[in-house]
**Student:** 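The structure's right below; bear with me while I get my questions together.
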Amino acid sequence: MEHTFLLQSGVWIASGSYYDEEENRFPFTGESRISRENGDWTIGGHLEVGFPQPVRFYNNYQIPAGQTPPVIGWESYNPSLGRFTGRFLFVEDTIFSENGSDDGHSRSLETMVRVSAYTYQVRGVLFLGGQKASSWAGTLTQQNR
């Protein structure tokens with residue numbers, strides 16, 4: 001199975017549902033820009049959640065050169081949560097992401113299942129201090145294919 005998300009440069013549009021710690025549902029939209037230069041990868045993006053006062057979360061990933069599936073290590077910075085390190089694991093049609101913050105307070109898990117070369121289904125959860133803080137379910141669609 002050849003994955004297009006994460007392994008090829010491109011712009012991906014996200015949409016779906018965000019659930020807070022009390023399971024209140026809010027719509028979300030977002031974008032991820034994946035680029036590769038000199039072997040290094042960067043993934044920059046944002047997610048906007050339609051709370052009564054909408055909030056936009058930013059995240060920037062760095063993947064050092066020389067890594068290939070099935071396991072790819074990464075680090076990211078989120079202005080709201082700080083620095084995270086994690087791994088992408090590729091298994092058939094699915095990409096798993098497991099990660100945590102440097103201080104150990106925050107952890108998240110995410111799955112991205114390939115529906116087609118241009119579409120992935122995404123599911124994830126964020127834990128803060130061992131308690132579920134949020135979860136999400138959505139779709140990633142490649143733009144300008």
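None of these values were measured; they are calculated from a predicted model.
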**Student:** Any salt bridge between Arg83 and Asp102, counting N to O under 4.0 Å?
**Tutor:**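 A salt bridge is present here (some side-chain N lies under 4.0 Å from a carboxylate O).
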
**Student:** Would the Phe84 and Tyr77 ring centres measure less than 6.0 Å apart?
**Tutor:**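 No, they do not, as the ring centres are separated by 6.0 Å or more.
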
**Student:** With clusters defined by side-chain heavy atoms of hydrophobic residues (ILVMFWY) lying less than 4.5 Å apart, directly or transitively, does Val49 cluster with Leu81?
**Tutor:**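 Yes, because Leu81 and Val49 connect within a single hydrophobic cluster, where side-chain heavy atoms sit under 4.5 Å apart.
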
**Student:** Identify the two heavy atoms, one from Gln142 and one from Trp12, that lie closest to each other, and give their separation to 0.1 Å.
**Tutor:**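 Scanning both residues, the minimum pair turns out to be N-CE3, 3.3 Å.
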
**Student:** Locate the shortest heavy-atom distance separating Ala14 from Leu140; write the atom from each residue and the value.
**Tutor:**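 So the two residues come closest at CB-CD2, 3.7 Å.
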
**Student:** Would you call Tyr18 and Ser134 a side-chain contact if the rule is heavy atoms closer than 4.5 Å?
**Tutor:** yes

**Student:** So, Glu98 and Arg87, do they make that salt bridge, N to O below 4.0 Å?
**Tutor:** yes

**Student:** For residues Asn59 and Leu47, determine if any side-chain heavy atom of one lies less than 4.5 Å from a side-chain heavy atom of the other.
**Tutor:** no

**Student:** Check for me, please, whether Ile43 and Leu126 land in the same ILVMFWY cluster - side-chain distances under 4.5 Å, paths through other members count.
**Tutor:**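 Linked within one cluster.
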
**Student:** Can you name the nearest heavy-atom pair linking Ser35 to Ser9, along with the distance?
**Tutor:** CA-OG, 3.6 Å

**Student:** Taking Arg114 for the side chain and Ile95 for the main chain, is one N or O donor matched with an acceptor at less than 3.5 Å?
**Tutor:**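 A pair under 3.5 Å: no.
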
**Student:** Would a 4.5 Å heavy-atom cut-off, applied to side chains only, mark Val91 and Phe96 as touching?
**Tutor:**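 Sidechains of Phe96 and Val91: in contact.
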
**Student:** Roughly how far, to the nearest 0.5 Å, is CD1 of Ile72 from CG of Leu6?
**Tutor:** 7.5 Å

**Student:** Quick one: does any side-chain atom of Asp20 pair with a main-chain N or O of Asn24 as donor and acceptor, under 3.5 Å?
**Tutor:** yes

**Student:** Please confirm whether the ring centroid of Phe90 lies under 6.0 Å from the ring centroid of His3.
**Tutor:** yes

**Student:** When you look at Thr68 and Leu7, which way does the side chain to side chain contact (heavy atoms under 4.5 Å, CB included) test go after all the steps?
**Tutor:** CA-CA 9 Å; Thr68 59; Leu7 299 182; over 6 Å; no

**Student:** Would you call the rings of Phe51 and Phe57 parallel, tilted or perpendicular, where under 30° means parallel and over 60° means perpendicular?
**Tutor:** perpendicular

**Student:** Locate the shortest heavy-atom distance separating Gln67 from Gly73; write the atom from each residue and the value.
**Tutor:**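 So the two residues come closest at OE1-N, 2.6 Å.
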
**Student:** Group every Ile, Leu, Val, Met, Phe, Trp and Tyr by side-chain heavy-atom contacts under 4.5 Å, then state whether Phe26 and Val55 land in the same group.
**Tutor:**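 Yes.
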
**Student:** Verify, without hydrogens or angle tests, whether Asp103 (side chain) and His105 (backbone) share a donor-acceptor contact under 3.5 angstrom.
**Tutor:** yes

**Student:** How long is the straight-line distance from CH2 of Trp41 back to CD1 of Ile34, given to the nearest 0.5 Å?
**Tutor:** 9.0 Å

**Student:** Using side-chain heavy atoms (C-beta onward) and a distance below 4.5 Å, is Asn99 in contact with Trp74?
**Tutor:** yes

**Student:** Indicate yes or no: at least one non-hydrogen side-chain atom of Thr139 is less than 4.5 angstrom from one of Gln121.
**Tutor:**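 The answer is yes, as the side chains (C-beta and beyond) meet within the 4.5 Å cut-off.
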
**Student:** In Å, rounded to the nearest 0.5 Å, how long is the span from OG1 of Thr42 to CD1 of Ile63?
**Tutor:** 8.5 Å

**Student:** How many angstroms lie between atom CZ of Arg107 and atom OG of Ser101, to the nearest 0.5 angstrom?
**Tutor:**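 Output value for this atom pair is 8.0 Å.
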
**Student:** To the nearest 0.5 Å, what is the distance between OG1 (Thr94) and OH (Tyr120)?
**Tutor:**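 Here the rounded value is 9.5 Å.
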
**Student:** How long is the straight-line distance from CG of Asn78 back to OG of Ser108, given to the nearest 0.5 Å?
**Tutor:**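 Result: 10.0 Å between the selected atoms.
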
**Student:** Check the pair Ser106, Phe127 against side chain to side chain contact (heavy atoms under 4.5 Å, CB included), reporting the backbone distance first and the verdict last.
**Tutor:** CA-CA 6 Å; Ser106 306; Phe127 296 96; over 6 Å; no

**Student:** For the ring pair Trp136 and Phe28, is the centre-to-centre distance below 6.0 Å?
**Tutor:**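 Ring-ring flag for Trp136/Phe28: false, centres at least 6.0 Å apart.
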
**Student:** Find out whether Arg123 and Glu110 are in side-chain contact, i.e. whether some heavy atom of one side chain is under 4.5 Å from a heavy atom of the other.
**Tutor:**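 Heavy-atom side-chain distance check fails, nothing below 4.5 Å.
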
**Student:** Gln62 and Ser76: side chain to side chain contact (heavy atoms under 4.5 Å, CB included), yes or no, with the steps?
**Tutor:** CA-CA 6 Å; Gln62 300 293 320; Ser76 72; over 6 Å; no

**Student:** Going by an N to O cut-off under 4.0 Å, is there a salt bridge joining Glu23 and Lys132?
**Tutor:**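 Lys132 and Glu23: salt-bridged.
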
**Student:** Can you see which heavy atom on Gly44 is nearest to which on Asn60, and at what distance?
**Tutor:** CA-OD1, 3.5 Å

